[in-house]
Amino acid sequence: MKLTVDGTTHDLDVEPDMPLLWLLRDELRIHGPKYGCGIDACGACTVHLDGLAVRSCQITAQEVEGAEVTTIEGLGTPDAPHPVQQAWIDEQVAQCGYCQSGQVMQAASLLALNPAPTDAEIDAAMSGNLCRCASYPRIRAAIRRAIQSEGA
Amino acid sequence: MRALLILCALAAPAAAQSFDPIAEVLLHPRCANCHVGADGIPLWSTEAGGTQPHGYHMQGGESRMGIETLPCSTCHTNRNGVLEGSAPGAEGWALPPVEMQWAARTPAQICEQLKDPDRNGGRTLAEVADHVGHDPLVLWGWTPGPGLEPAPGTPEETVAAILAWADAGAPCP
Amino acid sequence: MASVGKIARRSFLIGSAAVAGGVAFGVYAWRKPVDNPLLADLPEGATTLNPYVMIDADGVTLITPRSDVGQGAVSIQTYLLAEELDVDPQTVRTSFGPASGAYYNGKVAAEGMPFAAWNDGLVSRVGRSAAGPAAKFLGLHITGGSTTVPDMYDRLRAAGATARETLKQAAANRYAFVRADLRTEGGAVILPTGDAVPYADLAQEAAALDPIEVAPRAAEGWKWLGKNMRRTDMVAKSTGTFRYGGDLVLDDMIHATVVTNPAMDGGVVSVDDAAARAMRGVEDVVPITDGFAVLADNTWRAMAAARALAIEWDVPTGRPADSDAMWEAHTAAFIDDAQDSRFADDGDVDAAPGDLVTAEYRAPFLHHAPLEPANATVLYTEGGTQVWTATQVPIFVRDAVAAITGQDADLVQVHNQPSGGSFGHRLDYLWVQQAAEIAVQVPGRPVRLTLSREQDMTHGFLRPMAIARGRGTVDDGQVRSLDLSIAAHSVTESQIGRAGLPAVGPDVAIVAAAWDAPYAIPDRRITGYRVPAGVGVSSWRSVGASHNGFFIESLLDELIAEAGADPVAERLRLLHDDASRGVLEAVADMASWNGPLGDGKGRGVAFTIAFGVPCAQIIEVSDTEAGIRLDKLWIAADVGQVLDPVNLESQLSGGALFGLGHAMHAEVTFDNHRIQQTNYHEYESMRLWQTPQVEVRTLETLPTIRGAGEPGLPPAAPALANAIFAATGTRLRDMPFAKSVRFA
């Protein structure tokens with residue numbers, strides 16, 4: 001199967017039911033997306049599939065054939081971070097950081113679809129992403145910062 | 001006509017001409033948990049028997065397909081997850097229209113709803129039965145995936161029960 | 001992060017004497033500097049200035065031996081060293097260093113001793129100070145107990161300062177200047193001429209000198225410490241480029257997962273592995289203790305094959321099998337024979353005058369459930385074994401692996417990894433032992449073991465469940481007596497026992513934050529009862545204080561309500577410790593405690609000292625149609641000295657929210673010896689939508705610096721329960737509260 005990840009097209013021979021997460025991590029060695037639960041309960045594996053946030057632990061190879069996948073590592077880089085990543089850096093959101101790939105991808109999707117979400121809209125879009133360290137106050141602050149930086 | 005009556009009698013016991021067996025299916029968590037009201041919050045039922053709002057603050061939104069920035073399809077695909085606790089799925093995963101609310105309603109209320117084209121998707125009762133027998137999302141209720149108790153009986157039995165009930169004049173409790 | 005071995009191989013450094021930081025206790029062996037463990041791994045011509053500083057051709061590598069489980073340990077250790085050594089904390093290389101007694105934790109052992117943090121009397125000081133040398137001799141290279149900053153504050157600054165001055169002396173010698181005329185900047189010694197000599201150029205000469213010990217710089221001169229600093233891992237963690245132990249890739253690596261008896265221990269009756277072996281990518285199915293490992297070329301394939309194993313499990317006997325029986329074992333423990341401690345026994349609680357209040361409180365088993373599932377990579381060869389894993393106890397890991405491989409401990413190298421959370425989980429290492437058991441069956445090939453979330457959740461060592469029975473009296477509008485009895489398993493017995501060490505004497509954890517609560521209640525008694533060992537239990541963020549804060553602050557709140565007194569004013573009247581009064585006054589000020597409150601709202605307050613940090617919290621809730629909504633959380637804490645204000649706030653806020661999420665929603669229950677919560681869908685905790693607004697204020701009046709990872713947790717649950725009482729009149733005595741009320 002063919003799959004484009006972060007702008008690079010790959011030809012892969014995997015089972016149709018292999019979750020995209022493990023295709024990324026163990027076949028392509030792209031480790032930004034994380035395994036936290038495997039059941040859509042934590043959001044650490046969140047990537048963008050044709051621009052929309054999805055849980056890569058649930059989407060399988062057969063469902064992403066020919067699609068364009070963006071991972072946290074394709075969203076931006078340490079030298080050229082995406083505005084949401086920059087907001088995350090500036091607000092110093094991360095503690096253990098394990099969920100933050102998914103948090104950032106979900107927030108980037110939120111702001112792409114709704115550039116000026118209300119607090120309630122932020123809560124509604126971001127509560128599928130679990131942070132066991134409870135960095136939530138800074139997640140809120142970073143999203144508000146990103147809204148302002150995007151709007152400016 | 002006689003043949004049809006016999007067929008119905010074969011397909012469903014006489015008691016199925018009442019609404020009770022249908023209500024048993026429609027109010028089962030696999031059905032009622034998505035047939036929720038205007039708040040658009042799907043329900044979860046636990047093994048212990050309790051029912052609670054869908055975890056993680058999920059909302060069906062006005063579209064009933066999730067809020068725009070977090071559609072149901074973020075997690076729910078067109079098939080069930082493999083692991084217990086993972087998002088189940090079926091083609092067209094979404095909440096039914098708000099006028100089709102069953103959760104927190106009585107069998108009598110649901111019975112009247114089911115006969116009202118304004119609240120059943122503009123269907124005749126035969127079309128309702130056909131919908132139950134063919135809609136992938138409805139059929140999912142009998143194959144809900146790991147860790148979830150299926151709706152009672154089979155789709156075929158429910159279709160037959162609806163037809164028998166309709167044939168008996170669709171009496172409501 | 002480069003491994004020490006890798007750095008050493010490309011280094012050309014020379015050994016030297018070591019720096020022993022901390023306080024001298026007048027015992028020769030204690031004063032004697034520790035051996036520098038970096039020397040053991042250095043090839044000929046290589047150099048290290050002390051156990052915390054290595055310099056090679058590419059520059060400086062700082063050793064940050066305390067594990068980073070998300071609390072920012074690498075960052076703060078880097079800043080402590082960099083502040084003195086004048087290197088850029090954002091670009092300097094760091095390593096966790098080897099497992100070594102040189103990195104003993106001189107503070108953690110003191111936490112297990114029954115001396116209250118507020119008590120600075122002679123007996124307490126001597127007792128606490130004895131724990132440091134004990135830790136040194138035991139070689140307790142441990143991260144835990146919120147000790148990283150307190151233990152490393154002096155030690156790392158001293159190491160950085162000594163390395164800096166020794167490098168300056170080397171430059172002074174070479175270029176014929178006086179050391180006092182030189183300065184340092186950006187990893188180089190700056191000569192009076194303005195020329196910069198990189199440390200790498202001076203390392204060999206510096207290492208040949210006797211270390212020059214100087215006092216660390218005064219706080220007024222700090223460049224980074226005490227100001228808002230950027231954690232060194234922030235960019236990588238925001239861009240998905242940070243690498244955890246579970247991201248490790250080695251050549252020819254096997255991916256593995258395990259499935260073991262769902263009752264934790266207990267053997268296998270039978271197995272049919274034919275289906276699993278037939279699956280794509282599966283290399284082997286091998287036995288390990290209490291179960292099997294599947295070896296494959298991809299983690300998902302290993303996990304899928306593990307689910308295809310048909311195993312009949314043995315069922316353990318001799319301990320309670322389900323939650324009901326476990327609660328019964330706890331209610332049965334309130335007897336003289338099971339009494340473990342009575343560290344507080346003032347006045348006579350049985351003769352105290354006034355109106356009697358009694359109540360019973362319960363706290364459930366809890367899982368740490370860090371988001372990164374437990375993992376370990378092990379490469380076994382006859383000549384030695386390499387272990388890559390995130391651990392808070394590298395020496396225990398090293399010795400446990402050596403016991404499995406049958407090798408001397410010095411042939412086992414532990415490469416500590418940063419961790420996607422812990423909350424105490426990575427004080428255990430069952431999965432490392434499992435990885436080692438697999439590795440010895442495939443010599444020469446690295447095995448990366450990743451537990452499935454389900455395996456991890458159902459095979460954890462838990463925060464103990466606990467029951468508290470409280471009673472007290474109120475008289476003339478004041479709290480007159482308080483008598484609290486707490487029954488729980490002993491974390492110390494269970495956890496230290498797993499390391500093969502005996503735990504003697506009473507377990508302070510059973511009564512922590514209750515017996516030493518600094519309330520001058522005339523008749524006061526705190527009794528601990530030890531429930532016989534059952535399922536394995538563990539240190540969970542703030543350990544015993546995680547339930548005892550709830551117990552004592554709930555009981556006290558009930559007494560104050562019975563007395564008709566104000567919850568803040570009465571606590572202030574009772575508190576005899578200045579720092580404690582300070583944080584309570586601060587939080588009342590932040591929350592405008594005496595200010596107006598809308599309809600359907602309530603405020604609750606709680607105060608605890610845990611790990612030496614007095615912390616007071618106020619929570620404001622609304623009683624809405626959708627349930628109880630947490631509106632606002634105010635936190636005030638005194639940590640003595642603030643080094644990293646941003647991360648300190650994150651730790652206090654994170655601790656409180658972690659505590660609230662579990663207090664609201666989480667419990668681990670058992671049926672037929674099996675943990676019933678297999679994944680996060682059945683183990684809910686705090687999420688964004690239920691997170692209140694949080695405001696944190698830190699005070700700096702304590703005489704010693706303290707750590708903040710844990711102290712924010714204990715007051716959170718009681719503050720919430722007390723707020724719900726204020727809003728609704730309902731007392732919540734059992735956690736999780738969601739069993740009794742709905743949360744919006």
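- Between C96(A) and E372(C) the shortest side-chain heavy-atom distance does not fall below 4.5 Å.
- Side chain of R132(A) to backbone of A369(C): a donor-acceptor contact under 3.5 angstrom is found.
- Of all non-hydrogen atoms in F658(C) and A134(A), the two that sit nearest each other are N-CB, 4.1 Å.
- Within the 4.5 angstrom heavy-atom criterion, only backbone atoms of T77(A) (N, CA, C, O) approach chain C.
- With contacts defined as side-chain heavy-atom distances shorter than 4.5 Å, the pair L371(C)/K34(A) does not qualify.
- Looking only at distances, no side-chain donor or acceptor of T691(C) sits under 3.5 Å from a matching main-chain atom of Y136(A).
- Closest approach of D26(A) and H255(C) over heavy atoms only: OD2-CD2, 3.1 Å.
- At a 4.5 Å heavy-atom cutoff, the contact between M303(C) and chain A is made by side-chain atoms alone.
- Remark: side-chain polar atoms of Y35(A) are paired, donor with acceptor, to backbone N or O of R453(C) under 3.5 angstrom.
- Heavy-atom minimum distance, D247(C) versus R25(A): OD1-NH2, 2.8 Å.
- Here the side chains of I122(A) and L688(C) are in contact, with some heavy-atom distance below 4.5 Å.
- At least one side-chain heavy atom of R301(C) sits less than 4.5 Å from a side-chain heavy atom of V14(A).
- Not one N or O on the side chain of Q92(A) forms a donor-acceptor pair closer than 3.5 Å with the backbone of M234(C).
- Annotation: side chain of V235(C) is not in contact with side chain of P81(A) (no heavy-atom distance under 4.5 Å).
- Interface residue M229(C): only backbone heavy atoms are found under 4.5 Å from chain A.
- The main-chain N or O of G421(C) is never found under 3.5 Å from a side-chain atom of Q95(A) such that the two would form a donor-acceptor pair.
- Distance alone, capped at 3.5 Å, places no donor-acceptor pair between the Y680(C) side chain and the C37(A) backbone.
- In this structure, chain C has heavy atoms under 4.5 Å from both the backbone and the side chain of I89(A).
- Side-chain contact between W300(C) and E15(A) is present, with heavy atoms from C-beta onward closer than 4.5 Å.
- Using a 4.5 Å cut-off between heavy atoms, L248(C) does not touch chain A at all.
- Here the side chains of P418(C) and Y98(A) are not in contact, with every heavy-atom distance at 4.5 Å or above.
- The part of D233(C) that comes within reach of chain A is its side chain, from C-beta onward, which places non-hydrogen atoms under 4.5 angstrom from that chain.
- A94(A) touches chain C through backbone and side chain together, each having a heavy atom under 4.5 Å away.
- With a 4.5 Å cut-off on non-hydrogen atoms, Q103(A) does not touch chain C at all.
- Side-chain contact between R687(C) and N129(A): absent, with no pair of heavy atoms (C-beta onward) separated by less than 4.5 Å.
- Neither the backbone nor the side chain of D79(A) comes within contact range of chain C; no heavy atoms are under 4.5 Å apart.
- For a residue to count as touching a neighbouring chain, one of its non-hydrogen atoms must lie under 4.5 Å from one of that chain's; by this rule S650(C) touches chain A with backbone and side chain alike.
- Nearest heavy atoms, D13(A) versus R280(C): O-NH2, 2.7 Å.
- If you measure heavy-atom distances from D119(A) to chain C, you find no contacts under 4.5 Å at all.
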